[in-house]
Amino acid sequence: PPNDCGTPGSRATTTLNWTATSADRQFDRLSTISFHNVEILRTSTPKPTQTGIIYTYINDVTRYIPLFATPGTLILDLNNIIGVQNLTGEY
């Protein structure tokens with residue numbers, strides 16, 4: 001790390017890593033992840049291909065460390081539409 005980051009071990013970074021797959025016909029979808037009813041990530045899924053995709057989001061959530069101090073519920077909200085307009089891809 002750069003010299004002005006402090007002594008080794010004095011700084012911690014917390015990341016949220018979300019990996020997903022999808023294949024077939026589908027549009028991109030808006031998605032949120034929340035913890036303790038606080039939104040910690042808002043994103044859009046990529047549009048899948050016929051043969052399938054794998055995608056990963058890595059998001060720095062260090063500023064939410066106080067929120068993670070107590071157990072809570074992590075909610076992934078990702079609406080998916082199947083069977084309408086020939087949409088067959090599932091996230």
Side-chain angles (χ1 to χ4, degrees):
N3 292 334
D4 59 351
C5 287
T7 58
S10 66
R11 178 176 164 94
T13 300
T14 303
T15 58
L16 173 70
N17 182 333
W18 172 27
T19 300
T21 63
S22 185
D24 231 343
R25 188 167 195 276
Q26 190 58 265
F27 295 107
D28 55 334
R29 298 281 175 230
L30 294 178
S31 178
T32 60
I33 296 178
S34 60
F35 188 69
H36 285 294
N37 295 318
V38 174
E39 185 178 296
I40 59 175
L41 175 66
R42 179 182 297 236
T43 190
S44 177
T45 62
K47 186 176 178 180
T49 63
Q50 197 72 22
T51 57
I53 59 169
I54 298 173
Y55 58 96
T56 299
Y57 295 106
I58 299 175
N59 191 46
D60 184 353
V61 292
T62 304
R63 65 181 168 188
Y64 299 109
I65 286 177
L67 190 66
F68 301 138
T70 57
T73 301
L74 183 75
I75 298 172
L76 166 61
D77 183 16
L78 174 60
N79 294 318
N80 200 26
I81 299 173
I82 301 292
V84 177
Q85 298 175 348
N86 295 323
L87 300 178
T88 56
E90 295 181 9
Y91 284 99

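T73 pairs by the side chain to side chain donor-acceptor pair (under 3.5 Å) definition with nothing, not counting sequence neighbours. Here F68 pairs with F35 under the ring-ring contact (aromatic ring centres under 6.0 Å, His included) rule; sequence neighbours left out.
Residues I65 and V38 fall into different hydrophobic clusters, defined by Ile, Leu, Val, Met, Phe, Trp and Tyr side chains chained together at heavy-atom separations under 4.5 Å. Both L78 and L74 belong to a common hydrophobic cluster when Ile, Leu, Val, Met, Phe, Trp and Tyr are linked at side-chain heavy-atom distances under 4.5 angstrom.
T62 and D60 are linked by a side-chain donor-acceptor pair at a separation below 3.5 angstrom, with hydrogens and angles left out of the test.
Within the 4.5 Å cutoff, the side chain of V61 has no heavy atoms near those of the L67 side chain. You'll find the side chain of I33 stays beyond 4.5 Å of the side chain of Y57, heavy atoms only. Using a 4.5 Å cut-off on side-chain heavy atoms (C-beta onward), T45 and Y55 make contact.
In this structure a side-chain-to-backbone donor-acceptor pair under 3.5 Å is missing from N59 to W18. Panel note: side chain T21, backbone I53; no donor-acceptor pair is recorded below 3.5 Å.
Across all non-hydrogen atoms, the minimal contact from L30 to S44 is CD2-CB, 4.0 Å. Closest approach of P71 to H36, counting heavy atoms only: O-CE1, 3.2 Å.
One finds the CG atom of N17 at 6.0 Å from the OG1 atom of T56 (value rounded to the nearest 0.5 Å). To the nearest 0.5 Å, the span separating CD1 on I40 from CD1 on I75 amounts to 10.5 Å.
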